[in-house]
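Quick caveat: nothing in here was measured; it's all calculated off a predicted structure. Chain naming here is simple, since letters A, B, ... match the order of the sequence lines and numbering starts at 1 in each.
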There are 2 protein chains.
Amino acid sequence: MTAHVGERLLTPGEVAALFRVDPKTVTRWATAGRIGSIRTPGGHRRFRESEVKTLLAELTTEANGPA
Amino acid sequence: MTAHVGERLLTPGEVAALFRVDPKTVTRWATAGRIGSIRTPGGHRRFRESEVKTLLAELTTEANGPA
DNA sequence: CATTATTAGGGTAATTCGGGTA
DNA sequence: ATTGTCCGAATTACCCTAATAA
């Protein structure tokens, strides 16, 4: 499965708020390929909500620590 | 690769929702020539669904996947 | 013909980009 | 190596009223 049209997208600021980081940091994650991003024709990034939630869930797993 | 007659057309609002931007932003893309547009006799813009989907796919970066 | 939602158009804040630095 | 901040420039978001679409 590749690009899903109709997926809910989040702005850099929204993702930054979820992770409690600076929007610039989210941009770096995208540049480093740690998170997928969609570019508007103007060059601004949008992020898939489902992927962001997955990443957040992984943080929770990290905090609890696997067995 | 000619214009296909009978191509499904999208409104500025629909395109805006796909990119998670304001409808006015889509209008600016059309004015700047970043996306093709068709004008209704009344002056409202319509966009080709195939072009929009192609644009979304091309501007999409998949960072997740098997190592 | 009347109604409701969307779009056009202009103008002004807010956000994001990109590079460089701490 | 990762994050936060400063800067200028570009892109985007929200304000309004009038016109178009359905």
Side-chain angles (χ1 to χ4, degrees):
Chain A
M1 296 295 284
T2 49
H4 252 108
V5 179
E7 178 85 51
R8 263 225 295 174
L9 299 177
L10 301 176
T11 65
E14 291 170 336
V15 177
L18 290 174
F19 281 94
R20 286 286 188 175
V21 295
D22 194 89
K24 188 80 167 186
T25 298
V26 179
T27 294
R28 296 185 199 280
W29 294 344
T31 301
R34 282 195 276 266
I35 182 174
S37 63
I38 292 175
R39 294 280 202 146
T40 68
H44 284 202
R45 296 183 182 85
R46 297 283 114 102
F47 302 91
R48 299 180 183 284
E49 187 187 43
S50 60
E51 186 178 357
V52 170
K53 286 193 297 185
T54 299
L55 254 30
L56 283 170
E58 289 177 6
L59 288 183
T60 300
T61 300
E62 179 93 22
N64 290 337
Chain B
M1 42 207 290
T2 57
H4 190 76
V5 179
E7 170 69 75
R8 177 175 163 78
L9 298 177
L10 302 177
T11 65
E14 290 171 332
V15 178
L18 291 174
F19 280 95
R20 182 57 168 89
V21 294
D22 193 88
K24 290 298 177 55
T25 298
V26 180
T27 294
R28 279 193 225 95
W29 295 343
T31 301
R34 290 200 239 245
I35 183 174
S37 63
I38 294 173
R39 297 277 234 167
T40 68
H44 285 200
R45 297 183 182 83
R46 296 284 115 97
F47 304 89
R48 298 185 184 283
E49 184 185 44
S50 60
E51 183 180 359
V52 172
K53 287 197 293 187
T54 299
L55 215 44
L56 271 173
E58 294 216 350
L59 298 173
T60 299
T61 299
E62 292 277 341
N64 52 345

Would you check, one step at a time, whether the test side-chain contact (heavy atoms from CB on, under 4.5 Å) holds for Leu10(B) with Arg46(B)?
CA-CA 6 Å; Leu10(B) 302 177; Arg46(B) 296 284 115 97; over 6 Å; no
Using a 4.0 Å heavy-atom cut-off, write out nucleotides 11-22 of chain C from 5' to 3' as B (base contacted by protein), S (sugar-phosphate only) or - (no contact).
-----SSBBB--
So do the side chains of [X] and [Y] get within less than 4.5 Å of each other, counting heavy atoms only?
X	Y	value
Leu55(B)	Glu58(B)	no
Leu9(A)	Phe47(A)	no
Val26(B)	Phe19(B)	no

With both distances under 3.5 Å as the test, what is the Watson-Crick or G-U wobble partner of dA1(D)?
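Because no pair has both required distances under 3.5 Å, dA1(D) counts as unpaired.
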Five pairs at each end of the helix from dT3(C)-dA22(D) to dG19(C)-dC6(D): take the axis at both ends and give me the angle between them to 10°.
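Roughly 60° between the end axes, to the nearest 10°.
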So where does chain B start and stop touching DNA chain D, 5' to 3', when the test is distance under 4.0 Å to a non-hydrogen atom?
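Answer, 5' to 3': dT11(D) to dA22(D).
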CD/Glu7(A) to OG1/Thr60(B) distance, rounded to the nearest 0.5 angstrom?
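Answer for the CD-OG1 pair, Glu7(A) versus Thr60(B), is 11.0 Å.
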Approximate separation, where rounding is to 0.5 Å, of Leu56(B) CG and Lys53(B) NZ
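Rounded to the nearest 0.5 Å, the CG-NZ separation comes to 10.0 Å.
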Output all residues satisfying salt bridge (charged side-chain N to carboxylate O under 4.0 Å, His left out) with Glu49(A), sequence neighbours left out; order by chain, then residue number.
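Applying salt bridge (charged side-chain N to carboxylate O under 4.0 Å, His left out) to Glu49(A) gives Arg8(A).
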Mind jotting down which residue pairs meet the side chain to side chain donor-acceptor pair (under 3.5 Å) criterion with at least one end in residues 20-32 of chain B? Sequence neighbours excluded, please.
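Listed once each, the pairs are Glu14(A)-Arg20(B), Thr25(B)-Arg28(B).
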Donor-acceptor contacts under 3.5 Å from residues 35-44 of chain B side chains, at least two apart:
| residue | atom | partner | partner atom | Å |
| --- | --- | --- | --- | --- |
| Arg39(B) | NH1 | Gly43(B) | O | 2.5 |
| Thr40(B) | OG1 | Gly42(B) | N | 3.3 |
| Thr40(B) | OG1 | Gly43(B) | N | 3.3 |
| Thr40(B) | OG1 | His44(B) | N | 3.0 |
| Thr40(B) | OG1 | His44(B) | O | 3.4 |

